[in-house]
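Quick note on labels: first sequence line is chain A, next is B, and so on, each numbered from 1. What you see is a predicted model, and the numbers here were worked out from it, not measured in a lab. For the numbers below, each heavy atom of this structure counts, side chains included, while hydrogens, waters and symmetry mates do not.
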There are 2 protein chains.
Amino acid sequence: MITPPSDLTDHLGYRLRQVSNHVSHAFARKLADRQVTVAEWVLMRTLHNQDPIAPSQLASRMGLTRGAITRLADRLVEKALLARLANPDDGRAQTLCLTERGAAFVPQMAALADQNEAECFAHLSADDRAVLLRILTETVDRLGLRAPPVD
Amino acid sequence: MITPPSDLTDHLGYRLRQVSNHVSHAFARKLADRQVTVAEWVLMRTLHNQDPIAPSQLASRMGLTRGAITRLADRLVEKALLARLANPDDGRAQTLCLTERGAAFVPQMAALADQNEAECFAHLSADDRAVLLRILTETVDRLGLRAPPVD
DNA sequence: TATTGTTATACTCTATAACTATA
DNA sequence: TATAGTTATAGAGTATAACAATA
């Protein structure tokens with residue numbers, strides 16, 4: 001019994017990648033005006049309205065390594081969007097928090113995210129959008145993917 | 001009137017990225033045994049059961065640049081999974097096709113894709129899977145994203 | 001010795017733009 | 001001159017693993 005390879009376009013994973021890539025790239029183009037990348041935005045958004053947080057904690061929250069956080073943080077500090085705060089009690093430790101300028105950026109970028117959202121999913125009914133969000137959220141929970149400010 | 005930044009987790013784009021990244025990475029780990037990356041797999045799958053095709057045509061079909069195709073093709077040729085065929089009528093032109101070994105790999109990798117699919121979306125009802133696929137496919141069509149063997 | 005953050009290194013993915021050979 | 005493919009270069013995004021400073 002021969003099983004032909006299932007059609008690539010029938011794979012959820014494949015479609016997911018197609019759509020996700022498009023949405024992310026469209027968003028990246030919008031953020032580019034602000035000189036910020038999508039990864040930087042996610043970090044900033046995660047930090048927004050949060051108490052200062054240690055890089056290592058941020059790493060686990062975002063599902064990245066500490067090294068990756070160092071790099072992202074370096075770039076954001078350079079742009080004066082993020083600050084590193086020393087810990088007076090422990091010379092090794094530090095915490096990260098947005099600068100005033102960085103915090104002011106967040107709502108602007110969130111508006112761009114909303115706009116991107118509207119553009120990319122304009123064709124879907126409110127119902128379909130809700131269903132899509134539900135399914136994705138369920139999947140994130142089931143797969144145990146890092147949800148942002150959970151803990 | 002103050003509008004707080006909408007919750008990041010409410011963005012479809014954000015959730016999409018989370019899920020898509022996870023699914024792709026899980027698949028990449030499976031493919032790693034075969035020494036093939038996800039991008040290479042997509043190229044191979046696109047070529048499977050197709051007549052030999054020009055790199056430039058493949059580029060537009062996959063939504064990549066010619067340079068990107070050259071790189072992917074280089075790696076696959078190195079692994080003896082892909083061959084470049086010269087065009088006797090035009091010294092500039094060439095076509096790409098899978099080697100016998102490459103063609104034999106495709107069904108194996110498709111099985112891995114199916115397995116990955118099953119693992120990542122096991123928690124969804126058949127109904128939800130179908131709805132998700134429908135919504136994503138509609139979105140791909142509406143956004144005019146490159147669907148693989150369309151033309 | 002264990003922990004925190006940094007650095008060195010490496011690789012994939014992809015783009016842009018310049019380049020080569022051929023038409 | 002236009003076209004097909006390649007190459008050079010660059011940068012994002014990430015990982016692993018070694019390292020320095022501090023505890």
Would you indicate what [X] reaches in the nucleic acid, counting non-hydrogen atoms under 4.0 angstrom: base, sugar-phosphate, or nothing?
X       : answer
B:Ile69 : nothing
B:Ala54 : sugar-phosphate
A:Thr70 : base

Please report, rounded to the nearest Å, how far the [atom2] atom of [N] is from the [atom1] atom of [X].
X       : N      : atom1 : atom2 : answer
B:Arg92 : C:dT22 : CZ    : C1'   : 5 Å
B:Leu85 : D:dG5  : CG    : C1'   : 15 Å
B:Gln94 : D:dT3  : CD    : P     : 18 Å
A:Gln57 : C:dT3  : CD    : P     : 16 Å
B:Glu40 : C:dC13 : CD    : C1'   : 11 Å
B:Gln18 : D:dT14 : CD    : C1'   : 17 Å
B:Leu58 : D:dT6  : CG    : C1'   : 16 Å
B:Arg75 : C:dA10 : CZ    : P     : 17 Å

With the threshold set at 4.0 Å, does a side-chain nitrogen-carboxylate oxygen contact exist between [X] and [Y]?
X        : Y        : result
B:Arg142 : B:Glu138 : no
B:Glu119 : B:Lys30  : yes
A:Lys79  : A:Asp74  : no

Practice prompt. Quick one: pull up CZ in A:Phe105 and CZ in A:Arg101 and give me the separation to the nearest 0.5 Å.
Written response: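 These two atoms lie 4.5 Å from each other.
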Worksheet item: Relative to the 5' end of DNA chain C, which residue comes earlier, A:Gly67 or B:Asn87, by the nucleotide with the nearest heavy atom?
Response: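 The residue whose closest nucleotide sits nearer the 5' end is A:Gly67.
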Worksheet item: If you find the nucleotide of DNA chain C closest to A:Asn21 and the one closest to A:Ala93, which residue's nucleotide is nearer the 5' end?
Response: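 Mapping each residue to its closest nucleotide by heavy atoms, the 5'-most match is A:Ala93.
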Discussion item. Within the 3.5 Å criterion, strictly below it, is a donor on A:Asp141 or B:His123 matched to an acceptor on the partner's side chain?
Written reply: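 A:Asp141 vs B:His123: no donor-acceptor pair found between side chains.
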Worksheet item: Does the side chain of A:His11 pick up a donor-acceptor pair with the side chain of B:Asp114 at under 3.5 Å?
Response: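 A:His11 vs B:Asp114: donor-acceptor pair found between side chains.
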Worksheet entry | Residue met sooner reading DNA chain D from 5', once A:Pro88 and B:Ala68 are mapped to nucleotides |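 Looking at DNA chain D, the more 5' nearest nucleotide goes with B:Ala68.
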Measuring from the side chain of [X] (C-beta onward, heavy atoms only), which nucleotide among [options] has the closest atom?
X       : options               : value
A:Leu64 : C:dA2, C:dT6, D:dA15  : D:dA15
A:Asp90 : D:dT6, D:dA23, D:dG5  : D:dA23
A:Ala39 : D:dA23, D:dT14, D:dT7 : D:dT14

Fill in: B:Thr65 side chain near C:dA15 phosphate (N/O to OP1/OP2, under 4.0 Å)
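So the side-chain polar atoms of B:Thr65 do come within 4.0 Å of the phosphate oxygens OP1 or OP2 of C:dA15, strictly under.
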Fill in: Residue-phosphate contact under 4.0 Å: B:Ser56 side-chain N/O, D:dG5 OP1/OP2
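For B:Ser56, the contact criterion (side-chain N or O under 4.0 Å from OP1 or OP2 of D:dG5) is met.
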Discussion item. Looking at A:Arg66 and C:dG5, is any side-chain donor or acceptor paired with a base atom of the opposite kind under 3.5 Å?
Written reply: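 Indeed, a donor on one side and an acceptor on the other fall under 3.5 Å apart.
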Discussion item. Between the base of C:dT9 and the side chain of A:Arg71, is one N or O donor paired with an acceptor at under 3.5 angstrom?
Written reply: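 For A:Arg71, whose side chain was compared with the base of C:dT9, there is a donor-acceptor pair (under 3.5 Å).
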